[in-house]
Amino acid sequence: MGISKSRNIGIAAHIDAGKTTVTERILFYTGETRKIGEVHDGQATMDFMKQEQERGITIASAAISCKWDGHNINIIDTPGHVDFTIEVERSMRVLDGIIAVFCAVGGVEAQSETVWGQADNYKVPRMCFINKMDRPGADFFDVIHQLDDRLDAKPVPFQLPIGSEEHFEGIVNLIEMKARIFNDGEMTDVEIPAELLDKAMEWRGKLLETLAEYDDDLAELYLEDEEISIELIKKVTRYCVLRSMFTPIFCGAAYKNIGIRPLLDAVVDYMPSPLNKGKVVGVDVNDPEKKYKRSPCTSEPFSALAFKIIHDPYVGQQTFIRTYSGKLKSGDTVLNASTGKKERISRIMRIQAKERMDIEEVGPGDIVALIGLKDTRTGNTLCDRVKPILLETVKIPEPVISVKINTKTRAIQEKLHHSLRKMSLEDPSFVVRQTERTNETIIAGMGELHLEIIVDRLKTDFNVEAVVGEPSVEFRETITKSRKENTKFSKQTGGHGQYAHTIMIVEPNPGGGFVFENNIRGGNIPTEYIPAVKKGIEDVLNKGVLADYPVVDVKVILEDGSFHAVDSSERSFRTCASLCFKSAFKKASPQLIEPIMSLEISTPDEFIGDIVGDLSRRRGNVLDMRRYRKGSQKISAEAPLMELFGYATSIRSASSGRANYSMEMAQYAPLPAAMQEEVLEEARARIDGE
């Protein structure tokens, strides 16, 4: 099967829009499964983790291959919960197209906007499936309005629903002008119902009018009111979808098996192949200014991106890769361009959720799992050893919440650390660290649910019973003023002493991360010691100065210093730089900054006052209020994470269980001075007490 017959697509949307159910139906109709698995009874093929089955949500992006109409389709079903946004992010990096699933009742939810923004960032073509048309409150045209208004999706319906809510029974195909009625999974083509014919003609006219903007031949036929062939409509649609000129809209009810087969046809007709994606751009391993391109063909040198790691109890570590060029055979040795290390490929597998199939080789444009890699992490580039290339990596979000974790007995502490290390390899947004002062183990992640799943997996996957503290906010330390500091470090011992001297300027660098600038002239500090100076500063960045929170957004300029021909060493300069930076930091008006969360709350009108009042008490700000549906509003707001622990219970209580919300990280902002002192006192008490 050629590259042109391949499709790498993701299925993504807000939680509860029905992504996994859509995927299960796709697997059933493509013959990958003989029985339809359901999310609500924990039998979904894509949700093969125990935690997914228990909660009815998708946590890990599962990759699966299936076939439809002579095409090979690789599908990645991604999570909709914001705590697992990294799963969506790394999937976007390797996908060629997306089916964005929207609930016909909920419409465009907060996480839908996040996913849409991620797809925009990676320029991924997409089409929409409006699901749950059989639910009470389903409104196809209202969701289309939201797609246009809130996502600027330029939605173009290619189907119309026949009926809605409990009367939803099929779809009108606006290209072929046929109706399809679905009954117990059986699909029957019929004439368009008389009461829908005028509306179907109207929307087909809008569809053709849109297409006419992008193709002269079709425009000429449209203006002369001549018949336009289905082939020409599909050709122009594909051209437009590949360039994200508009978004085709399809509809159905996955749970009732309505609309899935026409959706698969649309994937084949309109979604890009790896050939359409074109050349991948990378840089020289040693010179980032030098760029290379690799075409999706077997004659090019091999290149691929590792985008996910799963530890499987049967085969060990599975490293999922998206191949871009060349061929890879089992037994080959490749270069990890990100680390400079070589990796031997012992096995190549095509994954079908729970099932695995060994294959001898893989070509460009495919998604497979490799077995036997030792030093490859998420975002690493694997490539030809002779002609290396470094591809753009995956963006990893910063964790915003943390907990202390320990074991009931010392005997299994090593097992705890080993298990946590494995999980941090799988999930780069999950961070494990040891505090230097107290030697505590801290785990940090994207939200309470994220860490809850981690702890649950420790017990079920690794047989480690963990004792977990209360969740706390991942504050950051930074500075608001510049400071010049002059530090000498001198220590005499029995043999050689230690000597180092650094003069540095520390200044704020808002939003710019850590920047190190070397202004040493005339060899006052020898070149070989400069990396040690930078490393000494980085030691402090990781451990914190005011408490044990990471230091961010500082620029350090190494101005001057001195050395001793005998007593100076890398170690002494590393120590001196740490002391110098700490001293400067404390005098540069240090400040704690806290994570501010973006909230989207859906509530009936009668509870708005209570909910807004509660937000104000939590130092929240309402940014926008808009109609959600009749009698309901959507509130967009921001509030500090430290004020939002237990918010789920609070909002349920304030609305008699009728309001719901989602939240995601928005930005970091200064913690009010009075609260900063309180937080630091707690941190000092914690450190002194242990």
Side-chain angles (χ1 to χ4, degrees), residues 1-8 32 48 60-67 71-76 90-91 93-96 273-275 277 280 282 285 294-391 393-394 422 425-426:
M1 194 178 291
I3 301 173
S4 64
K5 298 280 190 180
S6 288
R7 302 286 184 270
N8 293 318
E32 289 300 322
F48 56 92
S61 299
I64 196 162
S65 300
C66 57
K67 290 180 172 57
H71 289 67
N72 187 65
I73 303 174
N74 291 316
I75 301 172
I76 294 184
R90 56 182 167 186
S91 299
R93 174 65 185 83
V94 298
L95 291 171
D96 296 336
S273 74
L275 287 175
K277 191 80 173 175
V280 66
V285 176
R294 295 278 193 270
S295 298
C297 61
T298 54
S299 59
E300 291 265 1
F302 172 71
S303 67
L305 188 81
F307 70 95
K308 182 175 179 62
I309 292 170
I310 291 178
H311 285 275
D312 185 284
Y314 301 105
V315 297
Q317 181 175 304
Q318 294 179 6
T319 305
F320 283 81
I321 63 165
R322 157 68 196 258
T323 59
Y324 287 96
S325 62
K327 286 192 293 189
L328 181 69
K329 295 180 180 178
S330 54
D332 282 355
T333 299
V334 296
L335 175 71
N336 183 328
S338 307
T339 64
K341 295 181 178 179
K342 293 175 184 175
E343 291 273 27
R344 188 178 182 279
I345 313 301
S346 60
R347 294 166 71 188
I348 304 172
M349 286 183 160
R350 194 173 295 290
I351 305 295
Q352 293 166 336
K354 293 177 186 175
E355 305 300 319
R356 313 169 189 84
M357 183 173 70
D358 278 284
I359 56 177
E360 282 305 305
E361 70 173 46
V362 61
D366 214 338
I367 291 177
V368 293
L370 305 182
I371 312 298
L373 303 191
K374 300 282 192 296
D375 297 301
T376 298
R377 307 286 181 264
T378 294
N380 285 179
T381 299
L382 298 176
C383 62
D384 184 273
R385 287 179 293 165
V386 180
K387 295 186 176 177
I389 186 173
L390 188 60
L391 304 175
T393 188
V394 179
K422 275 191 172 181
L425 277 180
E426 292 180 15

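In this text the structure is predicted, and so the values were computed from the model without any measurement.
With sequence neighbours left out, the side chain to side chain donor-acceptor pair (under 3.5 Å) criterion links Arg322 to Asp96. Looking at residues two or more places apart in sequence or on another chain, you find a salt bridge (Lys or Arg N to Asp or Glu O under 4.0 Å) between Arg347 and Asp358. Residues forming a side-chain contact (heavy atoms from CB on, under 4.5 Å) with Lys422 (at least two apart in sequence, or on another chain): His311, His418, Phe462. For Thr319, the side chain to side chain donor-acceptor pair (under 3.5 Å) partners are Gln317, not counting sequence neighbours. With sequence neighbours left out, the side chain to side chain donor-acceptor pair (under 3.5 Å) criterion links Arg377 to no other residue. For Ser330, the side chain to side chain donor-acceptor pair (under 3.5 Å) partners are Glu360, not counting sequence neighbours.
Asp384 CG to Arg294 CZ: the interatomic distance, rounded to the nearest 0.5 Å, is 7.5 Å. Once rounded to the nearest 0.5 Å, the distance linking CD1 of Ile309 with CD1 of Ile321 reads 12.0 Å. Distance check, rounded to the nearest 0.5 Å: NZ of Lys342 to CG of Asp375 gives 13.5 Å. The OG atom of Ser346 lies 6.5 Å from the CD1 atom of Ile371; values are rounded to the nearest 0.5 Å. Taken to the nearest 0.5 Å, the CD1 atom of Ile367 stands 10.0 Å off from the CG atom of Asn72. A distance of 7.0 Å separates CD1 of Ile75 from CD1 of Ile64, quoted to the nearest 0.5 Å.
Between Pro274 and Asn8 the shortest heavy-atom distance is CG-ND2, 4.1 Å. Nearest approach of Ala304 to Tyr324, heavy atoms of both residues: CA-CD1, 4.2 Å. The nearest pair of heavy atoms linking Ile389 to Ser303 is CG2-CB, 3.8 Å. Pro388 approaches Val285 most closely through the heavy-atom pair CB-CG2, 3.8 Å.
At distances below 3.5 Å, at least one donor-acceptor pair connects side-chain atoms of Ser325 with backbone N or O atoms of Pro301. The backbone N or O of Lys341 lies less than 3.5 Å from a partner atom in the side chain of Thr339, making a donor-acceptor pair. Proximity of a side-chain donor or acceptor of Ser338 to a complementary backbone N or O of Thr381 within less than 3.5 Å is detected. Formation of a donor-acceptor pair under 3.5 Å by the Thr298 side chain with backbone atoms of Gly326 is not found in this model. Looking only at distances, a side-chain donor or acceptor of Arg385 sits under 3.5 Å from a matching main-chain atom of Thr333.
Side chains of Ser4 and Ser273: no donor on one and acceptor on the other come within 3.5 Å.
Using a 4.0 Å cut-off between charged nitrogen and carboxylate oxygen, Lys327 and Asp332 do not count as a salt-bridge pair.
In summary, of the residues considered (Leu382, Asp366, Val362), a side chain to side chain contact (heavy atoms under 4.5 Å, CB included) with Leu328 occurs for Val362 alone.
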**OP:** Could you walk me through whether Thr378 and Arg93 pass the side chain to side chain contact (heavy atoms under 4.5 Å, CB included) test, one step at a time?
**Re:** CA-CA 11 Å; Thr378 294; Arg93 174 65 185 83; over 6 Å; no
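Asn380 is not listed as a side-chain neighbour of Glu343, based on a closest heavy-atom distance of 4.5 Å or more.
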